[in-house]
Amino acid sequence: MTSDFIINGKALYTPKGAALEYGRIGCNFYTGCPHECTYCYLKRGAPSKQLGGNKVRLKKCFRNVQDAADTLCRELDKNLEQCRRYGIFLSFTTDPMLEGTRVLTMTAICAAIPRIIPVWVLTKDATFIHDIHLMTALKNIYQDKRLDIHFGFTLTGRDDMEPKASTNVDRIMAMRKLHLMGFSTFASIEPVITWDAAEKMVRESIPYCDHYKLGLRSGVKKDYYNAIESAGTLMRIVQTVEAFGKTIYLKESTRRLIQSCYQPGAYEAFMSHTVDVDGKPIK
Ligand code: SF4
């Protein structure tokens with residue numbers, strides 16, 4: 001995937017490649033993530049330098065938290081049209097709902113709402129639902145603005161591989177709470193570690209989840225996934241999601257894996273039950 005516009009600010013930027021499937025405009029205030037997932041893509045290769053290991057730090061380009069907030073407001077105003085169209089995504093370089101990062105995430109939400117900019121937040125930390133200050137701030141958001149704020153939880157079903165994150169059950173419970181408060185919710189079923197775990201996560205979250213994104217594990221051997229098994233499970237997952245009136249986006253890597261399992265025409269028919277990267281139905 002490529003972007004048809006470029007933002008290269010201190011807080012906002014246009015990501016490249018597969019990251020674009022998560023957010024067309026990234027918003028990063030911090031680097032570093034403490035969850036220690038064994039499959040972490042940010043521990044490998046070039047991105048590892050950008051992430052900054054397990055310790056969470058404000059990005060060096062910001063003098064302090066206030067400077068980060070002011071910078072964001074300037075960059076939102078400068079790129080208003082694109083931000084309104086695509087929303088902003090937090091975060092590619094940290095978990096934006098950690099105790100140490102969530103204040104600036106809430107600041108970003110408060111800056112986006114009056115500018116009519118959707119916000120997408122993806123986390124593996126469910127502890128914020130016990131943070132009285134944060135929950136009060138969320139309750140103070142007008143009901144009609146809440147659908148523009150999308151809270152997402154990564155759900156792999158594999159707590160053993162995410163030792164420092166909230167459990168998957170706790171993440172689903174946090175999703176439930178936000179759903180009941182009227183916020184939009186989504187789940188990132190990525191990486192799929194096993195298809196059984198992925199399907200279980202969809203089943204357990206479906207009453208509270210509005211939208212799913214599903215992607216595969218990177219950096220594994222070619223035969224890690226069985227294409228026939230993958231296509232069969234995906235068929236059931238897509239049927240479940242559709243039956244509940246929710247939507248699902250299959251990332252490019254997933255589509256590539258299963259495409260060869262279908263007869264001509266059947267793949268397109270299957271994909272028409274999913275949505276594109278921007279959430280629009282695929283015709
Ligand atoms: S939550 Fe994401 S960035 Fe943090 S350790 Fe896990 S995979 Fe890496």
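We count ligands from 1, going down the list as the structure has it; atoms in each ligand are counted the same way.
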Inset, instruction - May I ask you to identify, for E36, whether its side chain, its backbone, both or neither come under 4.0 Å of ligand 1 on a heavy-atom basis? - result: backbone

Inset, instruction - Give me the one residue out of F153, W120, F151, Y249 that meets side-chain contact (heavy atoms from CB on, under 4.5 Å) with F186. - result: W120

Inset, instruction - Report yes or no: does C37 have an N/O/S atom closer than 2.8 Å to atom 6 (Fe) of ligand 1? - result: yes

Legend entry - Minimum side-chain heavy-atom gap Y22-E190 below 4.5 Å: yes

Inset, instruction - Report yes or no: is the cationic atom of R24 (NZ for Lys, CZ for Arg) under 6.0 Å from the centre of the six-membered ring of Y86, at an angle within 45° of the ring normal? - result: yes

Inset, instruction - Would you mind listing which atoms of ligand 1 come within a distance below 4.0 Å of any non-hydrogen atom of C33? - result: 1 (S), 3 (S), 4 (Fe), 5 (S)

Inset, instruction - Report yes or no: does C40 have an N/O/S atom closer than 2.8 Å to atom 4 (Fe) of ligand 1? - result: no

Legend entry - Of the listed options K164, E190, K124, closest to atom 1 (S) of ligand 1 (non-hydrogen atoms): K124

Inset, instruction - Count the heavy atoms of every other residue, nucleotide or ligand shown that sit under 6.0 Å from NZ of K145, and state whether that count exceeds 12. - result: no

Inset, instruction - Answer yes or no: are there more than 12 heavy-atom neighbours, outside R115 itself, under 6.0 Å from its atom CZ? - result: yes

